[in-house]
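Below is one structure, written out as structure tokens, with a few remarks after it.
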Protein chains: 2
Amino acid sequence: MPKVTDAHRAARRGQILQAAWKCFARKGFHATSMADVIGEAGLSAGAVYLYFRSKDEIIVAVAGQVFAGIEDRLLTFLAGDPPPSPADIAEFLIRQPLRAHADAPAELYPLLLSVWAEAARNPAVNGVARSVLEELRTVLARALRRWAEVGHSLPASPEQLAPVLMSLVQGLVMQQAITGQPTVEDYRTGVRALFETAD
Amino acid sequence: MPKVTDAHRAARRGQILQAAWKCFARKGFHATSMADVIGEAGLSAGAVYLYFRSKDEIIVAVAGQVFAGIEDRLLTFLAGDPPPSPADIAEFLIRQPLRAHADAPAELYPLLLSVWAEAARNPAVNGVARSVLEELRTVLARALRRWAEVGHSLPASPEQLAPVLMSLVQGLVMQQAITGQPTVEDYRTGVRALFETAD
DNA sequence: GTCTATATCCGGATAGAC
DNA sequence: GTCTATCCGGATATAGAC
């Protein structure tokens with residue numbers, strides 16, 4: 001296996017995934033046909049099936065990309081000194097989805113909804129989503145504990161607050177995707193106020 | 001049109017919707033075939049298509065049922081005297097989905113996720129979901145305002161806090177559907193503590 | 001009103017030429 | 001490695017008998 005081939009393979013895979021991402025963002029997983037992906041990628045059916053065994057495999061890969069990087073960015077943020085306050089953490093979380101995927105913001109939220117819904121049914125997608133959510137929960141709890149250890153008070157245990165922090169993002173995404181409301185800025189203000197009176 | 005016919009029609013429609021609900025809860029909208037619904041209802045294809053013109057029409061009807069009643073129950077709760085506190089409202093919201101559909105709790109959360117994801121794509125479903133979410137937002141804002149007018153303080157404006165309250169349910173549903181965590185009780189405790197320190 | 005049988009279409013995946 | 005052409009299965013919706 002010469003080097004060229006590996007690079008080539010990676011490039012092709014990326015090309016396909018990017019095309020699939022666009023299609024899935026536009027129409028969702030189920031309404032997207034392989035023909036859509038193939039057309040968007042500018043390849044042929046045979047070529048695509050050379051890199052992915054099935055549509056399901058592409059879905060799982062895209063779901064993975066959606067979550068990719070969240071943890072890393074969050075970890076470096078949470079490791080800051082002094083430790084960020086719960087309000088800071090909340091604000092950071094809320095801004096994450098858009099920061100992570102600066103392109104195609106309009107279709108990002110619906111895509112996230114699709115991924116979550118799929119994660120509730122598709123075992124493979126569930127695997128990646130579940131591990132990310134669980135990791136997120138422990139990371140957030142650890143950060144909250146750090147904040148408490150530095151002399152601040154928390155309204156509840158870190159383990160109980162972490163899921164609440166996560167809900168803030170999830171709820172915003174859903175409401176935005178369905179009603180277009182509220183704006184990130186309005187939402188951020190409400191959330192920050194709530195946590196600041198509670199620290 | 002004799003009375004019998006109307007009652008009959010209503011009963012049949014209900015029968016079909018109940019069957020569809022079960023199938024959708026189990027497998028989601030897209031993985032459910034008309035054959036599934038037809039079999040579950042114990043009817044024939046011809047009969048089902050007599051009451052619903054298409055699968056899409058059934059999806060919209062089920063989505064409507066999922067939201068049915070939420071508003072009414074919430075309104076009577078919020079109208080209580082003395083006005084419920086933000087913490088009380090949050091707790092009520094969190095418990096709602098399970099109270100509303102006491103049967104089939106295990107599959108309720110995934111079904112909700114499916115409905116939300118569908119609402120982000122399917123215009124008809126979006127219509128019902130959007131109107132419910134918007135109504136919910138104004139109703140909650142009004143209740144928070146009432147609480148403030150009775151002499152309590154709020155960390156932010158009612159309009160900013162209402163979406164945050166809604167997020168609490170949505171996040172719990174999603175986390176439960178995907179990871180099975182946290183339990184309603186743990187979650188409730190965290191949420192209540194957060195809002196009680198802030199009232 | 002209801003059922004059976006089926007027309008019609010479409011999507012995923014493959015086979016084989018180049 | 002890549003493309004074209006195609007197969008097969010399954011899904012929606014309908015037609016027509018009873």
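Residue numbers start from 1 in every chain, and the chains themselves are labelled A, B, ... in the order their sequence lines are given, proteins ahead of strands.
In this model, no donor atom of one side chain and acceptor atom of the other lie less than 3.5 Å apart for S157(B) and R145(B). When only modelled atom types and interatomic distance are considered, Q170(B) and S167(A) share no side-chain donor-acceptor pair under 3.5 Å.
Between the NE2 atom of H30(A) and the C1' atom of dG12(C) there is a distance of 15 Å, given to the nearest Å. Put simply, CD1 on I38(B) is 10 Å from P on dC3(C), counting in whole angstrom units. For the pair F29(B) CZ and dT12(D) P, the interatomic distance rounds to 14 Å; values are reported in whole Å. Going from atom CE of M34(B) over to atom P of dC10(C) covers 18 Å, rounded to whole Å. Y49(A) has its OH atom 15 Å from the C1' atom of dA5(D), to the nearest Å. Here the P atom of nucleotide dG9(D) and the NZ atom of K55(A) are 19 Å apart, to the nearest Å. Whole-Å rounding puts the I16(B) CD1 to dT2(C) C1' distance at 12 Å.
Set against dC3(D), dG12(C), dT4(D), the side chain of L43(A) has dC3(D) as its closest nucleotide. With dT2(C), dT2(D), dG11(C) as the candidates, the nucleotide lying closest to the side chain of A47(A) is dT2(D). Minimum atom distance to the side chain of S44(A) is reached by dT2(D), of the listed dT2(D), dA11(D), dG11(C). Here dG1(C) is the nucleotide among dG1(C), dT14(D), dG1(D) with the atom lying nearest to any side-chain atom of L50(B).
Phosphate contact (OP1/OP2 of dT2(D), side-chain N/O of R12(A), threshold under 4.0 Å): present. Side-chain N/O atoms of Y51(B) include one lying less than 4.0 angstrom from OP1 or OP2 on dT2(C). Between R53(A) and dG12(C) there is no side-chain N or O to OP1 or OP2 distance below 4.0 Å. Between dT2(C) and H8(B), a contact under 4.0 Å exists linking OP1 or OP2 to a side-chain N or O.
Counting only heavy atoms from C-beta outward, the side chains of Q176(A) and Q181(A) never approach each other to under 4.5 Å.
As judged by a 4.0 angstrom heavy-atom cut-off over every strand, F52(A) is placed among residues making no nucleic acid contact.
Residue-to-nucleotide proximity on DNA chain C shows that, of A35(A) and G46(A), the 5′-proximal contact is made by A35(A).
Salt-bridge formation is detected for the pair R95(B)/E185(B): a Lys NZ or Arg NE/NH1/NH2 atom is positioned less than 4.0 Å from an Asp or Glu carboxylate oxygen. Contact check on R192(B) versus D88(B) returns a salt bridge, with a Lys/Arg side-chain nitrogen under 4.0 Å from an Asp/Glu carboxylate oxygen.
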